[in-house]
Amino acid sequence: MKKIISFVLIVILITLPTTVFASTFRDVPSTHFAFDAINWVADPANGPIMMGDAGNNFQPNRTVNKFEAAQIFAVAAGFRHDTSTLPPAESEVFTRSFNTWRPLLDGLASQFTTWNRIADREIAFLLYRGILTTSEVQNFVTRAGTTENRPLLTREQAITWTVRLVGESAAAQAIQLPHPTPFRDDAAISPALRRYVYHARGLGIIPAGGGYLNPTTNFTRAEIATIFYSALADASNNTANPSTAPQTISGTITNVHLDTHLTITNASGTETFPIARNAVIMLDNTQRSAAFLREGMTVMLLTDGYGQVISLTGRSQQLATSSTNEILTTPGLSGQVLYADEGIITSVTSTPQPSVTMRTQRVRISGQIIDDERTFTFTPSPVVTRGGAAAAFSDIQVGDIAFFGFSGTVIHNLELMQRERTITGTLEEIRPPDNQGTHATFIVEEEDGRAYELRALPNTEFSRDNHFNLNWDSLRVGDTVTADVEFDRIISIHATGTRAVVEGRLNEIRITERHTQITITCTAGASQSFFIRPGVFDVYTLRIGMQLRINLDSREVTNITVQNAGLAQTSVILGFIQSIRTDGTIVVVEGQGTAARTHTITIPSGTTITSGGSTLNANNLRVNMNVYIVLTAQGNNIASSITVLP
């Protein structure tokens, strides 16, 4: 417990504003480490966010379970129990949030006898605001055998909820891993919450590091008060004595540590400075956030009495970029060229004329990714949509991801991606992570036919049926899924699978680098296609015409039984190209050693030749290629289709 108290003392000393409060609670003396924080959260001017009991005790050392924590965080997020005095539009938010999440909460209440229904409305509000996720709520009660438990709130969970509370979820998700370890027990932080903890450190909600975080230790009411005070109180009230005189320093940025510190090098040497949360940063005479600071920029900065950067002016590097914009068709533009691009809106201006500043990214030939900002005005009647529905200029917000068509510096059409939303549909495709660090991608199609390409994150929460804390490859093509997304990034996704057995005649095999697809004709005459993941079944043992019995998990094959191999009417050959003859035929070797057989294959002009989903022609075939050849008829050597294998 000693480590916990010392850590909170560090938080108070480093990040909390100093304000004079009168003693409010009997059990919180003026010498208590969280005295100011507790009195601040109990101040009626702040809600109050937290209150004491009937005996005027705050109970600062009492830990809280997640239901109690949700009720506290909901109030901090603006939840109101009495909505009768609110305008209809505001009151409707609370009704809508509860109605949206009521089915989930009803289901959990029926599953767990110790579910606290008193907190349902607060939990629904936090889900609506994105402060909680569905998988987190599903762990408010846990079961071990027949025993149910209500887990207590931990430090890392409280920090994560607070980062979301102050609207910094997207910024936390954008942090790149691996990341410098700021705490001695950094490895103990849950991977799904690590970015939030790091970002909280950058925001000043928790200290810059050096000690123990104790991420899985339970959080007390006093500690909740300190973290709220640190995150929500007005830092301008800080009246502590400055430790140094303000300084003006010029130099070149040689390192940017997230958006919290920067290193300046000049004739006097190299020094690292923390960046104040409200620092004014001017680059090229335009106010920017610390996210735009880059190595190599020449800057002049002003530090306050605590050594923090409170203002910075400088020039960005003049980086040459090449236009990589896609050219669109331009009906009605009188020969004007209309380009397409996408980016993040960093500012919106309505006067003297509507305009937006768009931040896009360019990749140099060397592989360096650079940010590019441009300001665009609009045509008199621009087409603005969000999620496919018509939108007004007033609907555009800073931080929106937008796809836009433009000519010069004028936008003709602007499609805004929906921010936080829930997508329900069928999982049509799963693309595994690649070796460039890209995470798994999912194609989800809604009932109306609209398809979405959604990207998983390192801390995306996966669940399927009654199983939670899964990996991306636990989902199956054909699953019915509900995904909570922010723009095109998946926060959490829950899948429901189906089990079935089908029988039919095999009439097609398609082998690609991602998966294998087989098509069968069922006894009723309908054709159905199913997917086989690598390693599930050796598809090279199959032959066109075989009668198969297939076990399915959604639309993915878990097992295949060949019912009568003798029905195969079309031969196939699996081997490698030994030679290519001048008459256009190829010599393919099937098998190895004494079992090897040589086939001379004729390739008619209509033969289908594919590789990894791409269509080839006979001139693209090369010696030593591995090929899967389907013949036009059993016993001949005329190719109907050729698949080049990896």
Side-chain angles (χ1 to χ4, degrees), residues 134-135 422-435 438-457 460-485 488-522 524 526-542 544 546 548-561 610-614 628 643 645-646:
T134 55
S135 61
T422 299
I423 295 175
T424 300
T426 303
L427 185 55
E428 295 293 335
E429 185 179 348
I430 302 175
R431 300 175 187 168
D434 60 27
N435 57 10
T438 302
H439 298 282
T441 302
F442 300 85
I443 307 298
V444 177
E445 183 176 308
E446 293 185 319
E447 285 187 5
D448 60 5
R450 287 186 297 178
Y452 300 90
E453 182 172 317
L454 306 175
R455 295 185 295 113
L457 300 168
T460 294
E461 297 159 348
F462 297 97
S463 58
R464 188 170 189 259
D465 298 328
N466 295 320
H467 303 284
F468 301 93
N469 301 319
L470 303 176
N471 296 320
W472 66 270
D473 57 355
S474 299
L475 276 59
R476 298 289 178 261
V477 172
D479 281 350
T480 298
V481 297
T482 299
D484 295 325
V485 302
D488 63 342
R489 300 180 293 269
I490 303 174
I491 307 303
S492 65
I493 183 169
H494 179 73
T496 302
T498 56
R499 308 295 187 273
V501 177
V502 297
E503 296 182 0
R505 178 181 177 275
L506 179 63
N507 56 38
E508 184 180 17
I509 302 175
R510 294 184 60 190
I511 301 173
T512 68
E513 294 178 0
R514 290 180 183 161
H515 53 66
T516 296
Q517 180 177 322
I518 63 173
T519 302
I520 67 170
T521 301
C522 301
S527 293
Q528 292 181 279
S529 296
F530 307 109
F531 298 91
I532 305 176
R533 290 195 182 186
V536 173
F537 186 87
D538 184 4
V539 296
Y540 301 122
T541 63
L542 298 177
I544 301 300
M546 283 180 170
L548 306 178
R549 179 183 174 88
I550 301 173
N551 296 85
L552 295 173
D553 187 354
S554 291
R555 292 212 312 269
E556 291 194 13
V557 174
T558 59
N559 186 57
I560 298 177
T561 302
T610 59
S611 174
S614 300
Y628 179 87
T643 301
L645 305 177

**Q** For V502, run the side chain to side chain contact (heavy atoms under 4.5 Å, CB included) check against L548, V557, L552 and tell me which one passes.
**A**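 With V502 as partner, L548, V557, L552 yield a single side chain to side chain contact (heavy atoms under 4.5 Å, CB included), made by L552.
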
**Q** Just so I know, are the side chains of C522 and Q528 near enough to count as touching, which here means a heavy-atom distance under 4.5 Å?
**A**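 Answer yes - side chains close enough.
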
**Q** With sequence neighbours left out, what residues match A495 under side chain to side chain contact (heavy atoms under 4.5 Å, CB included)?
**A**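 A495 satisfies side chain to side chain contact (heavy atoms under 4.5 Å, CB included) with R464, L475, D479, V481 only.
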
**Q** Between E556 and V477 (side chain of the first, backbone of the second, donor and acceptor by atom type, cut-off under 3.5 Å), is there such a pair?
**A**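 Judged by distance alone, yes, a pair lies under 3.5 Å.
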
**Q** Measure across H439 and A456 and return the closest heavy-atom pair with its distance rounded to 0.1 Å.
**A**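 Minimum heavy-atom separation between H439 and A456: CB-O, 3.3 Å.
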
**Q** With rounding to the nearest 0.5 Å, note down the distance linking CG in N469 to OG in S463.
**A**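 Rounded to the nearest 0.5 Å, the CG-OG separation comes out at 8.5 Å.
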
**Q** Side chain to side chain contact (heavy atoms under 4.5 Å, CB included) between I560 and R549: does it pass, once the steps are laid out?
**A** CA-CA 6 Å; I560 298 177; R549 179 183 174 88; over 6 Å; no

**Q** Run N559 and I550 through side chain to side chain contact (heavy atoms under 4.5 Å, CB included) and show every step you take.
**A** CA-CA 6 Å; N559 186 57; I550 301 173; over 6 Å; no

**Q** Under the side-chain hydrogen bond (donor to acceptor under 3.5 Å, both in side chains) test, which residues partner S135, sequence neighbours left out?
**A**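 side-chain hydrogen bond (donor to acceptor under 3.5 Å, both in side chains) list for S135, sorted by chain: T133, E461.
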
**Q** Going through the checks in order, is the side chain to side chain contact (heavy atoms under 4.5 Å, CB included) test met by R555 and F531?
**A** CA-CA 6 Å; R555 292 212 312 269; F531 298 91; 4.0 Å; yes

**Q** Kindly give the heavy-atom pair with the smallest separation between G497 and S554, and that separation in Å.
**A**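 Scanning both residues completely, I find the closest heavy atoms to be CA-OG, 3.5 Å.
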
**Q** Report the C-alpha distance between T426 and V444 in whole Å, list the side-chain angles of each, state the deciding distance to 0.1 Å, and finish with yes or no for side chain to side chain contact (heavy atoms under 4.5 Å, CB included).
**A** CA-CA 5 Å; T426 303; V444 177; over 6 Å; no

**Q** Run through V485, N471, I490 and flag the one making a side chain to side chain contact (heavy atoms under 4.5 Å, CB included) with T460.
**A**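 That would be I490; it is the only one of V485, N471, I490 passing the side chain to side chain contact (heavy atoms under 4.5 Å, CB included) with T460.
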
**Q** Work out which heavy atom in S529 is nearest to a heavy atom in T519; give both atom names and the distance.
**A**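 Closest heavy-atom pair between S529 and T519: OG-OG1, 2.8 Å.
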
**Q** Check the side chains of T482 and H494 for a donor-acceptor pair under 3.5 angstrom, ignoring hydrogens and angles.
**A**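 Judged by distance alone, the side chains do not pair up.
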
**Q** I need the L427 CG to I493 CD1 distance, nearest 0.5 Å.
**A**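 These two atoms lie 6.5 Å from each other.
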
**Q** Taking the side chain as everything from C-beta on, heavy atoms only, tell me whether F442 gets closer than 4.5 Å to Y452.
**A**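 Side-chain contact under 4.5 Å: no.
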
**Q** So, does D484 use its side chain to make a donor-acceptor pair with the main chain of T134 at under 3.5 Å?
**A**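 Here the side-chain-to-backbone pair does not exist.
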
**Q** If you measure only the distance, is there a donor-acceptor pair under 3.5 Å linking the side chains of N551 and T558?
**A**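 Their side chains do not contain a donor-acceptor pair, so the 3.5 Å distance test is not met.
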
**Q** Quick one: list whatever passes side-chain hydrogen bond (donor to acceptor under 3.5 Å, both in side chains) with R476, sequence neighbours left out.
**A**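 Scan of R476 (side-chain hydrogen bond (donor to acceptor under 3.5 Å, both in side chains), adjacent residues dropped) gives none.
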
**Q** If I take atom CD1 from residue I491 and atom CG from residue L457, how far apart are they, to the nearest 0.5 angstrom?
**A**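 So the CD1 of I491 and the CG of L457 are separated by 5.5 Å.
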
**Q** What is the distance from atom CD1 of I443 to atom CD of E428, rounded to the nearest 0.5 Å?
**A**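 One gets 9.5 Å once the value is rounded to the nearest 0.5 Å.
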
**Q** Determine, for R431 against E429, whether the closest basic-nitrogen to carboxylate-oxygen distance falls under 4.0 angstrom.
**A**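 So R431 pairs with E429 through a salt bridge.
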
**Q** To the closest 0.5 Å, what do you measure between CZ (F462) and CZ (F468)?
**A**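 Rounded to the nearest 0.5 Å, the CZ-CZ separation comes out at 14.5 Å.
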
**Q** So do the side chains of R505 and I520 get within less than 4.5 Å of each other, counting heavy atoms only?
**A**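 No - every pair of side-chain heavy atoms lies 4.5 Å or more apart.
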
